[in-house]
Amino acid sequence: MWRWLHPYAKGEATYRLLGHWLPWLAISAALSLLVGIVWGLAFAPPDYQQGDSYRIIYIHVPAAIFSMGAYTGMAITALIALVWQIRTAEWAIAAIAPVGAVLTAVSLFTGAVWGKPMWGTWWEWDARLTSQLILLFLYLGVLALYYAFDDKRTGAKAAGILALVGVVNVPIIHYSVYWWNTLHQGATITKFEKPSMATSMLIPLLICLLGFALFTAAMICWRLRHEILRQELHRPWVQQELIGQEKLN
């Protein structure tokens, strides 16, 4: 596997590969999100208990799931960067962190909007909410460390260590509703049990999950391409790429 990945340790090869993926990911994400969100917000039936207020689930749940997924991916790239000293993996940390932070912020905001009519409060120091807030602080901490040092490799190493240490929070977020008595409801979709939603509500949620997965991947690809250009600005191939972009514009 590492022999296959070795060519992509070079910034130019990774930049070219991501350039091929990005349009397909972006178009697929846009179509999936359009179908899923419109279906969920406009055509799915109201919930028998929560009425129409549950519809925020079509944004809240995908954002929460992929905020954790992005952090897990960031921790994996941090491990690769620390063990194998691959620079593109270091740059991936900086690419993933802002995307994950935005997803986490969206999940917290939509959770608060959903919690107000359900719980009667915007915020509660609930185990799930608190651990999700910690996830946001971890993302911000990784970004702060990455750019805090004059030496870029030192900053990437410090950010990678924090990403690896903080990954322990991901299973805490996931299992918090089972380990503690919380206000937050249990999982809507599980691997081994029947979903707690009707099929007419579940299908648009699954489409939204696909859309958020593709959107997250597209944004990470886009940011990583920009990070590669920033880091490799002194390389001749980057100068040629920037000249080519100026001609197209």
Side-chain angles (χ1 to χ4, degrees), residues 5 14 18 21-22 24-26 28-30 32-33 36-37 40 56-81 88-111 114 127-143 146 159-160 162-178 184-193 195 197 202 204-225 227:
L5 287 174
T14 302
L18 297 178
W21 288 355
L22 186 55
W24 296 102
L25 289 170
S28 301
S32 300
L33 288 173
I37 291 175
I56 204 165
I57 197 174
Y58 297 107
I59 297 173
H60 174 72
V61 168
I65 288 175
F66 290 106
S67 68
M68 293 185 286
Y71 196 96
T72 303
M74 185 175 67
I76 292 171
T77 59
L79 179 65
I80 294 170
T88 48
E90 294 178 356
W91 303 336
I93 297 171
I96 296 171
V99 179
V102 170
L103 289 170
T104 308
V106 169
S107 72
L108 288 168
F109 175 75
T110 53
W114 195 3
R128 172 64 66 86
L129 275 66
T130 303
S131 54
Q132 188 73 359
L133 180 62
I134 291 171
L135 184 68
L136 177 60
F137 292 152
L138 284 169
Y139 274 125
L140 297 177
V142 166
L143 278 172
Y146 188 89
L162 178 58
L164 281 174
V165 172
V167 78
V168 71
N169 188 51
V170 173
I172 292 175
I173 295 171
H174 178 72
Y175 289 106
S176 59
V177 293
Y178 304 106
H184 198 285
Q185 68 186 54
T188 302
I189 303 174
T190 62
K191 187 175 182 180
F192 301 107
E193 297 178 8
M197 296 180 70
L202 179 62
L205 178 58
L206 293 176
I207 296 173
C208 286
L209 285 168
L210 174 62
F212 265 80
L214 294 167
F215 173 76
T216 302
M219 291 303 299
I220 290 171
C221 287
W222 178 74
R223 283 199 48 81
L224 182 52
R225 277 169 57 87
E227 185 65 17

Quick check: does any side chain N or O of [X] sit under 3.5 Å from a backbone N or O of [Y], one acting as donor and the other as acceptor?
{"X": "R225", "Y": "T14", "value": "no"}
{"X": "H60", "Y": "T110", "value": "no"}
{"X": "N169", "Y": "I134", "value": "no"}
{"X": "T130", "Y": "A127", "value": "no"}

Closest heavy-atom contact between [X] and [Y]?
{"X": "S32", "Y": "I207", "result": "O-CG2, 3.3 Å"}
{"X": "W21", "Y": "C221", "result": "CE3-SG, 4.4 Å"}
{"X": "A163", "Y": "A75", "result": "O-CB, 3.9 Å"}
{"X": "S131", "Y": "I172", "result": "CB-CG2, 4.2 Å"}

> Who passes ring-ring contact (aromatic ring centres under 6.0 Å, His included) against Y71, sequence neighbours left out?
Replying inline: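 Y71: ring-ring contact (aromatic ring centres under 6.0 Å, His included) contacts with Y139.
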
>> Holding to side chain to side chain contact (heavy atoms under 4.5 Å, CB included), I want the full list of residues that pass it with L143, two or more places apart in sequence or in another chain.
In response: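 For L143, the residues satisfying side chain to side chain contact (heavy atoms under 4.5 Å, CB included) (neighbours in sequence not counted) are A97, P98, Y147.
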
> How would you list, by chain and number, every residue that makes a side chain to side chain contact (heavy atoms under 4.5 Å, CB included) with A29, sequence neighbours excluded?
Replying inline: L214, F215

State, with a plain yes or no, whether a side-chain heavy atom of [X] is found less than 4.5 Å away from one of [Y].
{"X": "F66", "Y": "L209", "result": "yes"}
{"X": "P62", "Y": "L205", "result": "yes"}
{"X": "W114", "Y": "I57", "result": "yes"}

> Have S67 and Q132 got a donor and an acceptor in their side chains that come within less than 3.5 Å?
Replying inline: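 Per modelled atom types, S67 and Q132 side chains form a pair under 3.5 Å.
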
Got a second to check how far [X]'s [atom1] is from [Y]'s [atom2], nearest 0.5 Å?
{"X": "L133", "Y": "L129", "atom1": "CG", "atom2": "CG", "value": "8.5 Å"}
{"X": "I96", "Y": "I220", "atom1": "CD1", "atom2": "CD1", "value": "4.5 Å"}
{"X": "I173", "Y": "R128", "atom1": "CD1", "atom2": "CZ", "value": "8.0 Å"}
{"X": "I93", "Y": "L162", "atom1": "CD1", "atom2": "CG", "value": "10.0 Å"}
{"X": "S28", "Y": "L33", "atom1": "OG", "atom2": "CG", "value": "10.5 Å"}
{"X": "T72", "Y": "I76", "atom1": "OG1", "atom2": "CD1", "value": "6.5 Å"}

> Would F212 and L103 count as a side chain to side chain contact (heavy atoms under 4.5 Å, CB included) if you check the C-alpha gap in whole Å, the side-chain angles of each, and the deciding distance to 0.1 Å?
Replying inline: CA-CA 10 Å; F212 265 80; L103 289 170; 4.0 Å; yes

> Taking only residues at least two apart or on different chains, which pairs with a member in residues 92-101 satisfy side chain to side chain donor-acceptor pair (under 3.5 Å)?
Replying inline: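 Of all non-adjacent pairs touching residues 92-101, none passes side chain to side chain donor-acceptor pair (under 3.5 Å).
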
> Restricting to pairs with a member in residues 89-111, which pass salt bridge (Lys or Arg N to Asp or Glu O under 4.0 Å), not counting sequence neighbours?
Replying inline: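 Applying salt bridge (Lys or Arg N to Asp or Glu O under 4.0 Å) to every pair that reaches into residues 89-111, excluding sequence neighbours, yields E90-R153.
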
> Between V102 and V106, is a side chain to side chain contact (heavy atoms under 4.5 Å, CB included) present by the stated rule, with each step listed?
Replying inline: CA-CA 6 Å; V102 170; V106 169; 4.3 Å; yes

> In chain order, what residues pass the side-chain hydrogen bond (donor to acceptor under 3.5 Å, both in side chains) check against R223, with sequence neighbours excluded?
Replying inline: none

